[in-house]
Amino acid sequence: MNTAMITLLLADTTKAAAKTAENFGLVDIFEKGGPLMWGLLVLSVVAFMTIFICSWTTRPSAVLPKDIVTTFETYIRRKDYSGLLALSERDGSSFSRTVNVIILFIQRNLRANMDAIREVAAAEATRQANILTRQISWLADIGAIAPMVGLLGTVLGMMDTFWQMSHGNFEGVKQMQMAGGISEAMITTAGGLILAIPCMLAYVIFRNYIQKHISDMEVAVTHILSVISVQSDRDTRLGSISHVGGRTEMMDKSDV
């Protein structure tokens with residue numbers, strides 16, 4: 001009697017499992033994963049938004065636009081600092097914001113030497129680089145948190161499965177419940193890994209991309225500082241006083 005009943009229960013369970021497998025979709029997987037799947041869903045939305053934002057803020061025109069260095073150099077040689085400030089504010093790129101801080105410092109500290117100007121430039125360039133790297137750090141954080149959330153969901157699912165097994169009546173039913181419960185518990189782990197792998201891949205890609213941008217921006221800022229230094233030396237020589245035969249003469253452009 002018991003054997004026949006167990007056989008019937010196993011047959012009914014197998015049919016139900018087969019019927020469920022036919023209509024098994026993403027929504028069913030999500031529902032069977034448990035409440036922590038909602039946490040993974042929130043993380044996935046944050047990851048998608050972060051990837052979109054990083055794609056926008058790390059594009060070349062947002063960090064170091066093409067031909068912007070040549071344009072800024074022309075303004076510096078013409079001593080058109082007001083026009084340079086207006087252009088850098090309109091452009092809004094990381095490089096332009098760095099140059100904007102440099103020019104503002106020069107205008108507010110007319111007697112500042114090149115060492116002080118380089119310190120200001122280095123500080124602002126570092127700040128701009130940190131802004132870029134801080135954005136992609138969200139992807140690394142999500143890539144680390146998502147598998148842990150999935151693992152927690154699996155552990156909770158296994159605990160619930162063994163709890164239900166301990167209160168079952170038939171060994172065959174216990175085994176079927178255990179298999180189904182374990183499969184449902186593993187869904188959160190799979191979901192966490194499915195989210196974490198693309199996030200870490202995107203983080204690596206953006207990190208390498210940003211490092212290249214930062215290197216290019218450092219070269220561009222160094223070039224602008226060199227132009228400022230040359231222009232400052234030229235202005236100093238033009239305004240210097242030379243003593244010739246007991247007379248003092250103001251040097252002009254032809255002397256330089």
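- Going from atom CD of Q231 over to atom CZ of R78 covers 12.0 Å, rounded to the nearest 0.5 Å.
- By the 4.5 Å heavy-atom criterion applied to side chains, H223 and V227 are counted as neighbours.
- Taking the side chain as every heavy atom from C-beta outward, E218 and I214 approach each other to under 4.5 Å.
- A distance of 10.0 Å separates CG in L84 from OG1 in T71, rounded to the nearest 0.5 Å.
- Residues Q135 and I210 form no side-chain contact, since every pair of their non-hydrogen atoms from C-beta on lies 4.5 Å or further apart.
- Expressed to the nearest 0.5 Å, how far SG of C54 lies from CD1 of I51 amounts to 8.0 Å.
- Proximity of L225 to I102: side-chain heavy atoms (C-beta onward) are separated by under 4.5 Å at one or more points.
- You'll find the side chain of F95 reaches within 4.5 Å of the side chain of I224, heavy atoms only.
- Closest of all the heavy-atom pairs between C199 and I142 is SG-CG2, 3.7 Å.
- Within the 3.5 Å criterion, the main-chain N or O of S96 finds no donor-acceptor partner in the side chain of N100.
- Using modelled atom types, one side-chain atom of S215 and one backbone atom of Q211 make a donor-acceptor pair closer than 3.5 Å.
- Here the straight-line distance linking atom CZ of R97 with atom CD of Q128 works out to 4.5 Å at 0.5 Å rounding.
- In this structure, CG on L64 lies 7.0 Å from OG on S93, to the nearest 0.5 angstrom.
- Of all heavy-atom pairs spanning L195 and P198, the tightest one is O-CD, 3.4 Å.
- By the rule that hydrophobic residues join a cluster once side-chain heavy atoms approach within less than 4.5 Å of another member, V69 and V219 end up as members of separate clusters.
- More than 12 heavy-atom neighbours from other residues, nucleotides or ligands sit within 6.0 angstrom of CE on M114.
- Two residues are said to be in side-chain contact when any heavy atoms from C-beta on lie closer than 4.5 Å; L85 and L104 meet this criterion.
- Residues Y209 and P60 form a side-chain contact, since some pair of their non-hydrogen atoms from C-beta on lies under 4.5 Å apart.
- When all heavy atoms of A196 and G143 are compared, the pair lying nearest together is CB-O, 3.4 Å.
- No donor-acceptor pair closer than 3.5 Å links the side chain of D91 to the backbone N or O of L87.
- S229 contributes no side-chain N or O that, together with a main-chain N or O of S226, makes up a donor-acceptor pair within less than 3.5 Å.
- Linking ILVMFWY side-chain heavy atoms closer than 4.5 Å, directly or via other members, places V155 and L40 in a single hydrophobic cluster.
- Under a hydrophobic clustering in which Ile, Leu, Val, Met, Phe, Trp and Tyr are joined whenever their side-chain heavy atoms come within less than 4.5 Å, directly or via other members, L152 and W38 fall into the same cluster.
- Side-chain N or O atoms of R59 include one that pairs as donor or acceptor with a backbone N or O of W56 at under 3.5 Å.
- Nearest heavy-atom pair across I136 and R207 is CD1-CA, 3.7 Å.
- The distance from atom CD1 of I106 to atom CD1 of I228, rounded to the nearest 0.5 Å, is 4.0 Å.
- Just one residue in the list L201, L139, L132 forms a side-chain contact (heavy atoms from CB on, under 4.5 Å) with F206, and that residue is L139.
- The minimum heavy-atom distance linking A121 with T98 is given by the pair O-CG2, 4.1 Å.
- Hydrophobic clustering, with ILVMFWY side chains joined whenever heavy atoms are under 4.5 angstrom apart, groups V99 together with Y81.
- If you chain together hydrophobic residues whose side chains sit under 4.5 Å apart, W138 and L41 fall into the same group.
- Looking at I145 and M148, their side chains never come closer than 4.5 Å, going by heavy atoms from C-beta outward.
- Of all heavy-atom pairs spanning Q107 and S82, the tightest one is NE2-N, 4.2 Å.
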